[in-house]
Number of protein chains: 2
Amino acid sequence: MNDRCEVRISDVPVLCAACQARQRGVCAALDAEQLSTLSRSSTKKRLDMGSELIGDATTVEGYANILSGVVKLVKGLPDGREQIVGLQFAPDFLGRPFQAESTVTAQAATNVVLCSFPRRSVDALINQSPQLKQGLLQQALRELDGARDWMLTLGRKNALEKVSSYLLLIASSVESAAKPQGQAVEFDLPMTRQEIADFLGLTIETVSRQLTRLRIDGVIRIVQARHIVVDNPARLKICSGA
Amino acid sequence: MNDRCEVRISDVPVLCAACQARQRGVCAALDAEQLSTLSRSSTKKRLDMGSELIGDATTVEGYANILSGVVKLVKGLPDGREQIVGLQFAPDFLGRPFQAESTVTAQAATNVVLCSFPRRSVDALINQSPQLKQGLLQQALRELDGARDWMLTLGRKNALEKVSSYLLLIASSVESAAKPQGQAVEFDLPMTRQEIADFLGLTIETVSRQLTRLRIDGVIRIVQARHIVVDNPARLKICSGA
DNA sequence: GCCTAAAATTGATCTGGATCAAATCGCCGG
DNA sequence: CCGGCGATTTGATCCAGATCAATTTTAGGC
């Protein structure tokens with residue numbers, strides 16, 4: 001493991017506290033004592049697939065940076081129906097300032113490594129650094145955009161378009177920015193068919209059928225259930241309802 | 001029209017600039033010159049139902065407080081399918097800081113009166129007032145929660161549950177906090193059946209059928225297409241999937 | 001009040017995705 | 001290599017909500 005792991009809150013660079021926490025750039029003005037407090041109180045944690053990241057001793061108290069893995073935000077109905085309302089990928093910052101009255105639960109979708117901070121210390125930092133506050137505001141606005149995009153997908157797209165949209169979303173989270181558009185993209189799905197279904201408002205069977213349909217049409221290859229190659233990103237985009 | 005109309009950004013009280021703009025409370029620290037600039041540059045605007053609030057001369061340049069009416073945030077697919085991804089009610093603050101790259105369009109769902117501010121002036125205020133920035137962050141987080149709740153509705157509820165959830169949402173936006181739970185609630189729907197359908201990911205016909213079903217079951221009365229009385233809020237809540 | 005057009009309801013039918021039910025696949029432990 | 005179990009795929013049927021097609025209601029304009 002690296003001894004310094006850079007992660008970002010929006011455009012505010014933050015070095016992972018568990019790996020020698022300190023802040024740079026626009027946050028450089030921060031009190032050295034504050035930073036050392038944050039550093040001392042941070043802990044690196046490994047979570048197995050499926051574990052919940054709330055409240056209990058082995059998990060996250062307040063805030064955390066995701067160092068690797070995927071975290072899903074889940075909402076449920078009393079009868080057991082579930083909907084995944086958000087996904088957080090590798091360098092995202094988790095946790096919300098000013099009380100979490102929301103009823104979402106965060107769960108590790110894959111094995112996850114993260115660096116967690118006590119609520120107290122981070123809240124203090126937020127109040128001292130307008131840039132950090134602004135970074136959090138921008139992250140919130142970006143998540144809001146993402147949620148609204150997904151509302152369109154959930155409310156108005158058919159099964160094929162939903163599955164195609166999902167593949168494009170995952171592909172974009174993997175694809176390096178440098179890579180030219182239109183190239184084949186290869187990746188492992190970070191979720192089971194059930195989780196994909198819960199994300200898309202579908203059933204496992206329908207997800208599976210749409211994937212085979214895309215395979216037969218030559219848009220993707222399913223090397224292994226979890227391992228996908230998108231041979232024709234342009235076609236996939238068309239299938240997603242553009 | 002009142003000459004001072006109080007509206008709120010989160011817990012930061014702001015007096016509508018068009019009606020003698022100035023700030024109070026936690027924002028009192030603001031520069032008097034800034035405030036007078038904001039006041040001078042603000043304008044009160046009336047929008048007819050259906051008009052879009054972007055870009056053109058008759059509409060909103062940057063930010064605005066809604067004084068009355070309902071604004072809908074709409075996303076569309078190239079083939080014309082539409083999804084309403086958010087509703088903003090009477091004292092909400094509209095507009096997003098730091099560029100709007102998002103593809104939502106805001107439209108007046110009813111006739112709307114609002115007080116609009118030029119982007120420039122408000123951005124300046126935001127940078128000067130951490131409290132205002134925090135207010136905007138909290139508003140963004142609240143909207144994110146709302147969006148996620150709605151994702152559960154869109155992805156996992158059936159038609160009856162969706163329509164019931166919608167009625168409860170509108171009822172709660174009308175109901176005075178003082179009113180005891182369980183009482184009958186009476187209100188006008190601020191949207192057409194088509195808009196309700198676009199909000200719920202359904203068709204007009206299905207919305208209409210679920211409403212008659214609720215009427216026949218004695219949960220609501222439909223005094224007039226747009227005028228609803230919820231006789232049994234508890235039953236309605238059960239119908240909404242709790 | 002009467003006329004018109006848009007909005008809403010109601011009815012009849014169709015269909016995409018859910019549901020129920022078996023196969024397969026893939027992986028791990030022995 | 002052999003079971004065994006969970007994840008996935010595939011097949012057969014069903015049904016909630018879409019679609020198509022009339023009415024009926026409502027809101028303005030004269």
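The chains referred to below are lettered A, B, ... by the order of the sequence lines, with proteins before strands, and numbering in each begins at 1.
At a threshold of 4.5 Å between non-hydrogen side-chain atoms, the residues A:Lys45 and A:Val113 do not count as touching. No side-chain heavy atom of A:Ser165 sits under 4.5 Å from any side-chain heavy atom of A:Leu168.
Here the straight-line distance linking atom OG of B:Ser68 with atom CZ of B:Phe89 works out to 13.5 Å at 0.5 Å rounding. A distance of 9.5 Å separates CD in B:Glu161 from CG in B:Leu152, rounded to the nearest 0.5 Å.
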*Working for side-chain contact (heavy atoms from CB on, under 4.5 Å), residues A:Gln88 and A:Val70*: CA-CA 6 Å; A:Gln88 314 261 191; A:Val70 177; over 6 Å; no
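Of the candidates A:Thr206, A:Leu211, A:Leu202, A:Arg193 forms a side-chain contact (heavy atoms from CB on, under 4.5 Å) with just one, namely A:Leu211.
With a cutoff of under 4.0 Å to any heavy atom of chain B, the contacted region of DNA chain D is bounded 5' to 3' by D:dG17 to D:dA27.
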Under 3.5 Å, which donor-acceptor pairs do the side chains of residues 222-229 of chain B form with other protein atoms, sequence neighbours left out?
from, atom 1, to, atom 2, distance (Å)
B:Arg226, NH1, B:Leu189, O, 2.9
B:His227, ND1, B:Asp188, OD1, 2.9
B:His227, NE2, B:Glu186, OE2, 2.8

Name each donor-acceptor pair under 3.5 Å that joins a side chain in residues 212-220 of chain B to protein atoms two or more places apart or in another chain, with its distance.
from, atom 1, to, atom 2, distance (Å)
B:Thr212, OG1, B:Ser208, O, 2.8
B:Thr212, OG1, B:Arg209, O, 3.0

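A salt bridge links B:Arg156 with A:Asp198: the distance from a Lys NZ or Arg NE/NH1/NH2 to an Asp or Glu carboxylate oxygen falls below 4.0 Å. By the 4.0 Å N-to-carboxylate-O rule, A:Arg148 lies too far from A:Glu143 to be salt-bridged with it. In summary, A:Lys72 and A:Glu195 engage in a salt bridge, as defined by a charged side-chain N under 4.0 Å from a carboxylate O.
Among the protein residues, A:Arg213 comes within range of no part of the nucleic acid, since none of its heavy atoms lies under 4.0 Å from any strand.
In this structure, the NZ atom of A:Lys157 is 18 Å from the C1' atom of C:dG16, given to the nearest Å.
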Strictly under 3.5 Å: I want the nitrogen or oxygen pairs between protein and nucleotides 4-6 of chain C, one per line.
none

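For the segment residues 187-211 of chain A, residues with any heavy atom less than 4.0 angstrom from an atom of DNA chain C are, sorted by number, A:Gly201, A:Leu202, A:Thr203, A:Glu205, A:Thr206, A:Arg209. A heavy atom closer than 4.0 Å to some atom of DNA chain C occurs in B:Ala225, B:Arg226, these being the qualifying members of residues 217-226 of chain B.
Ring orientation note: the planes of B:Phe93 and B:Tyr63 are close to parallel, at an angle under 30° on the 30°/60° scale.
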